[in-house]
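Single-structure report; data block below.
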Amino acid sequence: MKKRISITFNAPAVLTFVMICFVVTLVGIFTKQASTTLLFTVYRSSLLDPLTYLRFFTHVFGHAGWSHFLGNSCYLLLLGPMLEEKHGSKLLVIVMVITALVTGLINFIFFPNIGLCGASGIVFAFIVLASFTGFKKGEIPLTFILVVVIYIGQQIVDGLFTKDNISQMAHIIGGAVGAVVGYIANRKK
């Protein structure tokens with residue numbers, strides 16, 4: 001008797017996150033980004049506005065359009081299931097929340113004239129976290145060093161010399177969160 005092939009919801013935290021991003025991006029397109037600006041972008045606003053605090057967390061769901069969403073989603077769907085299988089859903093949700101909060105606060109405080117939206121900080125957290133595969137006590141994986149030099153180094157260079165609409169700060173902070181969580185999570189094991 002042949003075994004039936006079935007589709008599984010193999011990475012609930014990552015799949016749920018990407019689905020929320022999809023819906024938010026779709027609504028953003030229909031509202032000509034009004035919903036994205038109001039609820040899913042961090043920018044300098046009054047501390048008396050309750051939405052200011054909400055946006056510190058929700059900005060990771062908003063994207064500037066389909067290409068922005070698709071670029072981040074591809075990395076999330078590529079790296080997320082492996083990380084979720086290795087570390088569990090709870091740790092990945094913690095990484096997402098910490099990355100959202102830290103990048104949101106830093107953007108709010110230090111970049112008052114720049115709006116921040118998108119999941120690229122989380123993508124970089126996942127990239128660096130994935131580089132910790134095979135970590136052993138007393139060793140630093142070469143993959144971690146290369147990822148930091150290549151991915152984070154490129155963001156530092158771009159941040160200094162390139163004027164675009166990409167938040168290198170979010171990438172660098174996300175990478176730092178991934179490094180710290182990767183080190184702590186693997187050290188405990």
Side-chain angles (χ1 to χ4, degrees), residues 7-45 51-85 87 89 91-108 111 113-131 147 150-152 154-155 158-159 162-178 181:
I7 296 173
T8 61
F9 201 68
N10 62 318
V14 173
L15 289 168
T16 301
F17 182 83
V18 170
M19 286 190 283
I20 292 169
C21 291
F22 173 79
V23 170
V24 168
T25 302
L26 186 63
V27 171
I29 288 168
F30 283 130
T31 64
K32 296 184 171 125
Q33 298 299 16
S35 61
T36 303
T37 302
L38 178 66
L39 299 171
F40 304 104
T41 302
V42 171
Y43 49 86
R44 184 67 60 87
S45 56
L51 292 178
T52 297
Y53 302 98
L54 178 69
R55 288 188 292 259
F56 289 148
F57 296 97
T58 61
H59 70 93
V60 295
F61 298 121
H63 288 82
W66 286 122
S67 62
H68 187 207
F69 164 75
L70 291 172
N72 283 336
S73 294
C74 286
Y75 279 105
L76 293 169
L77 293 170
L78 180 67
L79 297 168
M82 170 193 65
L83 293 171
E84 199 162 343
E85 183 177 323
H87 298 291
S89 300
L91 183 74
L92 254 56
V93 169
I94 290 168
V95 167
M96 291 182 219
V97 170
I98 290 170
T99 303
L101 178 60
V102 174
T103 56
L105 284 171
I106 289 174
N107 192 82
F108 183 86
F111 302 97
N113 299 321
I114 298 173
L116 175 67
C117 72
S120 58
I122 293 171
V123 166
F124 273 76
F126 281 14
I127 289 169
V128 174
L129 183 58
S131 73
V147 164
I150 293 168
Y151 277 93
I152 304 302
Q154 181 64 44
Q155 296 309 303
D158 285 352
T162 305
K163 299 293 180 210
D164 56 20
N165 287 330
I166 298 171
S167 176
Q168 286 80 21
M169 174 278 300
H171 298 172
I172 293 165
I173 298 300
V177 169
V181 171

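The basis for the numbers below is simple: all heavy atoms, side chains too, and nothing from hydrogens, waters or symmetry mates. Here the structure is a predicted model, which means the values were calculated and not measured.
Counting only distance, with no hydrogens or angles, the side chain of H68 and the backbone of A64 share a donor-acceptor pair below 3.5 Å. Of the possible donor and acceptor atoms, none in the side chain of H63 sits under 3.5 Å from a partner among the backbone N and O of C21. Formation of a donor-acceptor pair under 3.5 Å by the T37 side chain with backbone atoms of Q33 is found in this model. Looking at S73, its side chain never comes within 3.5 Å of a backbone N or O of L70 through a donor-acceptor pair. At distances below 3.5 Å, at least one donor-acceptor pair connects side-chain atoms of T41 with backbone N or O atoms of T36.
T58 has its side chain out of reach of V42: every pair of non-hydrogen atoms, C-beta onward, lies at least 4.5 Å apart. You'll find the side chain of F69 stays beyond 4.5 Å of the side chain of V24, heavy atoms only. Contact annotation: the side chain of V181 never approaches that of H87 to less than 4.5 Å [non-hydrogen atoms, C-beta and beyond]. Residues T99 and I173 form no side-chain contact, since every pair of their non-hydrogen atoms from C-beta on lies 4.5 Å or further apart. Side-chain contact between I114 and M169 is absent, with no heavy-atom pair separated by less than 4.5 Å. Residues L26 and F30 meet the side-chain proximity criterion, which asks for heavy atoms closer than 4.5 Å. Side-chain atoms of V93 and F17, non-hydrogen and from C-beta on, never get closer than 4.5 Å to each other. Counting heavy atoms from C-beta outward, T25 and F61 have side chains that stay 4.5 Å or more apart.
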**OP:** Let me see the working for L51 and L39 under side-chain contact (heavy atoms from CB on, under 4.5 Å), right down to the final yes or no.
**Re:** CA-CA 7 Å; L51 292 178; L39 299 171; 3.8 Å; yes
**OP:** Would you check, one step at a time, whether the test ring-ring contact (aromatic ring centres under 6.0 Å, His included) holds for F126 with Y75?
**Re:** CA-CA 8 Å; F126 281 14; Y75 279 105; over 10 Å; no
Subject >> Stepwise side-chain contact (heavy atoms from CB on, under 4.5 Å) check, N113 with Y43 >> reply: CA-CA 7 Å; N113 299 321; Y43 49 86; over 6 Å; no
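To the nearest 0.5 Å, the span separating CZ on F124 from CD on Q168 amounts to 8.5 Å. Taken to the nearest 0.5 Å, the CG atom of L129 stands 6.5 Å off from the CG atom of L91. Between the CZ atom in F40 and the CG atom in L116 there is a gap of 14.0 Å [rounded to 0.5 Å]. With values rounded to the nearest 0.5 angstrom, T103 atom OG1 is found 11.5 Å from I98 atom CD1. To the nearest 0.5 angstrom, L79 atom CG is 12.5 Å from I122 atom CD1. Here SG of C117 is found 9.5 Å from NE2 of H59. Values are rounded to the nearest 0.5 Å.
Residues V14 and G80 come closest through the heavy atom pair CG2-CA, 3.5 Å. The two residues A125 and V95 have their closest heavy-atom pair at CB-CG1, 3.8 Å. Taking every heavy atom of both residues into account, G115 and N107 meet most closely at C-ND2, 4.4 Å.
Residue pairs meeting the salt bridge (charged side-chain N to carboxylate O under 4.0 Å, His left out) criterion with at least one member in residues 52-69, sequence neighbours excluded, are D49-R55.
There is a side-chain donor-acceptor pair under 3.5 Å between S120 and H171.
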